[in-house]
2 protein chains.
Amino acid sequence: MGDNVLDLNLLGVEELACHHEGQSLRPRNPAPFLLKTYNLLEEGEDDNKKIVSWNVDGRGFVVWSPAEFSDLTLPRYFKHSNFSSFIRQLNTYGFKKISSKRWEFKHEKFQRGCKHLLVEITRKKGEPSVFPSYLKSCSEENGMSNSMEVNNNQQILMEENKNLKEERLELQMQIAECKAMEMKLLEYLSQFVDNHQNKVRKL
Amino acid sequence: MGDNVLDLNLLGVEELACHHEGQSLRPRNPAPFLLKTYNLLEEGEDDNKKIVSWNVDGRGFVVWSPAEFSDLTLPRYFKHSNFSSFIRQLNTYGFKKISSKRWEFKHEKFQRGCKHLLVEITRKKGEPSVFPSYLKSCSEENGMSNSMEVNNNQQILMEENKNLKEERLELQMQIAECKAMEMKLLEYLSQFVDNHQNKVRKL
DNA sequence: GGGAATATTCCC
DNA sequence: GGGAATATTCCC
């Protein structure tokens with residue numbers, strides 16, 4: 001039965017998630033965005049069906065009128081009226097545009113009458129990059145594999161590291177010199193002061 | 001027809017911010033949150049002054065009535081009516097609560113009549129962690145995989161690198177101070193010498 | 001107060 | 001379509 005597979009997956013995820021998510025293994029809730037989008041399709045009156053609705057087979061949905069959808073529907077479910085923000089969310093959750101002629105989208109786990117499948121839909125995340133993007137740029141230009149890139153990055157880091165340490169040494173020496181000079185000057189100064197005072201005393 | 005919906009952005013030009021700041025470049029515009037919070041203090045009618053206002057010296061501000069502030073003020077500037085979300089943003093930008101008796105906050109660069117200082121205020125960020133934290137906590141307990149170890153090495157390198165850069169800055173400042181002191185001493189010394197020579201000439 | 005997930009915006 | 005900055009929420 002598929003349920004077993006599912007449970008095993010959940011356990012795996014829970015282990016990775018360690019301290020997050022508390023203990024609640026069972027009642028995973030779908031992401032708010034998914035629930036709202038699903039509800040917006042279910043709750044619409046017949047009027048709204050002209051704005052947005054499930055497609056014929058219920059395995060996708062169509063925004064028939066983006067303008068009205070943005071102005072009327074979106075603000076009732078979200079904190080904005082921007083069609084493009086809605087699209088951005090669809091992409092984030094892995095929906096695909098399935099028609100070039102109209103705003104029709106689908107996701108395997110987003111189907112009419114299958115609210116329970118929503119929990120299966122997760123945000124796409126770019127692999128947490130090992131590296132800040134500013135370091136990536138140089139290796140992207142040459143064709144590099146991931147592991148080459150990691151190596152390359154590490155190389156760069158170590159080089160920079162070595163240079164920084166040399167620089168540190170140099171700076172520390174400068175400071176030492178500076179301090180020495182300071183001492184010398186202070187000595188001179190105190191001699192002059194003594195000298196001066198002696199002269200004054202003599203007069 | 002509905003095409004231009006995509007381009008509509010009703011939120012206003014002032015929200016545009018510079019997203020690519022090189023290391024030395026500051027964003028030209030203050031963060032939207034800061035501008036809105038500033039404006040909300042400037043634009044208030046006398047009525048609103050009973051809800052939220054600058055404090056006496058204009059170096060901080062007070063939310064006199066959190067309830068009204070949340071219900072009336074917040075939604076006019078933000079996409080929510082939650083006082084706690086507002087507070088979260090204040091903390092993100094480094095504001096400090098300066099009274100235990102009332103909701104009074106301050107930030108060095110947030111002052112009445114000093115809109116231009118807002119660009120100096122930046123979001124506090126924990127270093128972008130190389131590693132998702134849910135993996136971090138686990139890797140301490142378990143043995144690490146190869147790729148995790150590589151990541152770990154890089155993280156260490158980056159940490160060391162960052163520390164070295166901070167150290168460099170510190171050393172450079174010490175040198176600057178040292179040089180300044182040197183100049184001052186030399187000045188004193190030359191004054192004494194002049195003085196001394198004058199005295200000698202007099203004799 | 002702040003870490004982290006999710007949402008919204010902006011830009012390429 | 002997606003990366004990344006900022007905003008909002010949720011939770012400790």
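For the numbers below, each heavy atom of this structure counts, side chains included, while hydrogens, waters and symmetry mates do not. In what follows, chains are A, B, ... by sequence order, proteins preceding strands, each numbered from 1.
Taking the side chain of A:K124 as heavy atoms from C-beta on, and the options C:dT8, D:dG2, C:dG2, the nearest nucleotide is D:dG2. Checking C:dT6, D:dT8, D:dG1 against the side-chain heavy atoms of A:K97 singles out D:dG1 as nearest.
Rounded to whole Å, the distance from CG on B:N29 to C1' on D:dA7 is 17 Å. Separating the CZ atom of B:R123 from the P atom of D:dA5 is a distance of 10 Å, rounded to the nearest angstrom. Rounded to whole Å, the distance from NE2 on A:H80 to C1' on C:dC10 is 14 Å. Atom-to-atom, CG of B:L35 to C1' of D:dA7 comes out at 15 Å; the value is rounded to the nearest Å. A:F33 places its CZ atom 16 Å from the C1' atom of D:dT8, with the value rounded to the nearest Å. Computed from coordinates, the A:L74 CG to C:dA7 P distance equals 14 Å when rounded to whole Å.
Listed by residue number, B:N82, B:S85, B:R88, B:Q89, B:Y93 are the residues of residues 82-95 of chain B with a heavy-atom contact under 4.0 Å to DNA chain D.
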Could you list the donor-acceptor pairs under 3.5 angstrom formed by side chains in residues 91-98 of chain B, with sequence neighbours left out?
unit_1	atom_1	unit_2	atom_2	d
B:N91	ND2	B:I87	O	3.4
B:T92	OG1	B:R88	O	2.9
B:T92	OG1	B:R88	NH1	3.2
B:K97	NZ	B:S99	O	3.1

Extract all donor-acceptor atom pairs below 3.5 Å that involve side chains of residues 43-53 of chain A and protein atoms in other chains or at least two apart in sequence.
unit_1	atom_1	unit_2	atom_2	d
A:E43	OE1	A:Y77	OH	2.7
A:K49	NZ	A:G44	O	3.0
A:S53	OG	A:W64	NE1	2.8

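Expressed to the nearest 0.5 Å, how far NZ of B:K36 lies from CG of B:L41 amounts to 14.5 Å.
Pairs of residues two or more places apart, or lying in two chains, never qualify as side chain to side chain donor-acceptor pair (under 3.5 Å) while including a residue from residues 184-194 of chain B.
With sequence neighbours excluded, the residues forming a side chain to side chain donor-acceptor pair (under 3.5 Å) with A:K106 are A:E108, listed by chain and number. Judged as a side chain to side chain donor-acceptor pair (under 3.5 Å), and not counting sequence neighbours, the contacts of A:S65 are A:E68.
Phosphate contact (OP1/OP2 of C:dT6, side-chain N/O of A:K79, threshold under 4.0 Å): absent.
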